[in-house]
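Model, not experiment: these values are computed from the prediction. Every chain is numbered from 1 and lettered A, B, ... according to where its sequence line falls, protein lines coming before strand lines.
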Protein chains: 2
Amino acid sequence: MVIHYKDKTFFTGKDLALSIIGGRWKISIIWCFIQQSPLRLSEIQKKLPDVNQRMLIRQLRELEDDKIITRFVYPVVPPKVEYQLSEIGRLLEPVVTSICDWGDNFSDLLEKNDNKTSVD
Amino acid sequence: MVIHYKDKTFFTGKDLALSIIGGRWKISIIWCFIQQSPLRLSEIQKKLPDVNQRMLIRQLRELEDDKIITRFVYPVVPPKVEYQLSEIGRLLEPVVTSICDWGDNFSDLLEKNDNKTSVD
DNA sequence: TACAATACTGACATTTTTGTCACTAAAGAC
DNA sequence: GTCTTTAGTGACAAAAATGTCAGTATTGTA
């Protein structure tokens, strides 16, 4: 199987997937949408205070380009733009939840080992 | 919940997880181990020809530091070193498979749309 | 005419990640 | 002493990702 996408060639769905969701903040952004949808830019900013606006917008554009999220502009003043997951975007939920689950497992393990080696 | 790990602070297991498996080749490396284990460096290189050796070793070191994989050196000449997933590393399987599954879905979608819009 | 609030964009700096090249280590065989 | 093979390391270059800052667009209201 060979996949051509945006001038690049991928030999597995996995590699294609990684190229799409591999961005620094992509999974975190998608996680926001799984919790609440739709979301305005300003709302995502509140949920992800560590991401600066410029970066956030860039990642949103990429996700939009890849059809993971949709963007809807309301013709009002002040401007209002709503983002939400597309159908294929919503299918990323198992990816995000499995990452969360593993992270929780890993952090439990850290705690256990910390207690084991702690000195008082 | 606050997690301190390697001089950094994480507020969710997800963020901790992303910091550990977020490296450029980490998921691909873990995927190799899910397919076959243990693996020698030279074997991983064959499976991931796009990763140069220096990079591969660096990613392996990071995974080892994070206790995702173990490294066993056989005291022989020429040197023989075997890597394999640790217990917590093996728990990454659902993460990897969900990414693969989603990628396959996405690539199916691409194909469908290509056919729809193709001209002959 | 100036101001408001939201959602941007452009140019550039900085940081991080990745890649390259040349080199080392190990110890038995010759 | 030199060669072999596998698995590395160090120093540096290049590229990519990310961050910063200042600025634009919109149009109803004061």
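Not one side-chain nitrogen or oxygen of A/Arg54 sits closer than 4.0 Å to the OP1 or OP2 atom of C/dT9. A close approach under 4.0 Å does not occur between any side-chain nitrogen or oxygen of B/Arg24 and OP1 or OP2 of C/dT16. Proximity of B/Tyr74 to the phosphate of D/dT5: no side-chain N or O atom is located under 4.0 Å from OP1 or OP2. When the side-chain nitrogen and oxygen atoms of A/Arg61 are compared with OP1 and OP2 of C/dC8, one or more of them lie within a distance under 4.0 Å. Considering only side-chain N and O atoms, A/Ser42 lies nowhere under 4.0 angstrom from the phosphate OP1 or OP2 of C/dA5. Within the 4.0 Å cut-off from OP1 or OP2 of C/dT18, at least one side-chain nitrogen or oxygen of B/Gln59 is found.
Judged by atom type and distance alone, A/Arg58 reaches the base of D/dG19 through a side-chain donor-acceptor pair under 3.5 Å.
Between A/Pro78 and B/Arg40, the one whose closest nucleotide on DNA chain D sits nearer the 5' end is B/Arg40.
In this structure, B/Glu87 does not pair ionically with B/Arg90, as no charged nitrogen and carboxylate oxygen lie closer than 4.0 Å. Between B/Glu43 and B/Lys46, none of the side-chain N atoms (NZ, or NE/NH1/NH2) sits under 4.0 Å from a carboxylate O, so this pair counts as no salt bridge.
Aromatic ring orientation, A/Tyr5 versus B/Phe106: perpendicular (interplanar angle above 60°, classes split at 30° and 60°).
Across B/Gln59, B/Gln53, B/Met55, a single residue satisfies side-chain contact (heavy atoms from CB on, under 4.5 Å) together with B/Ile57, and that is B/Gln53.
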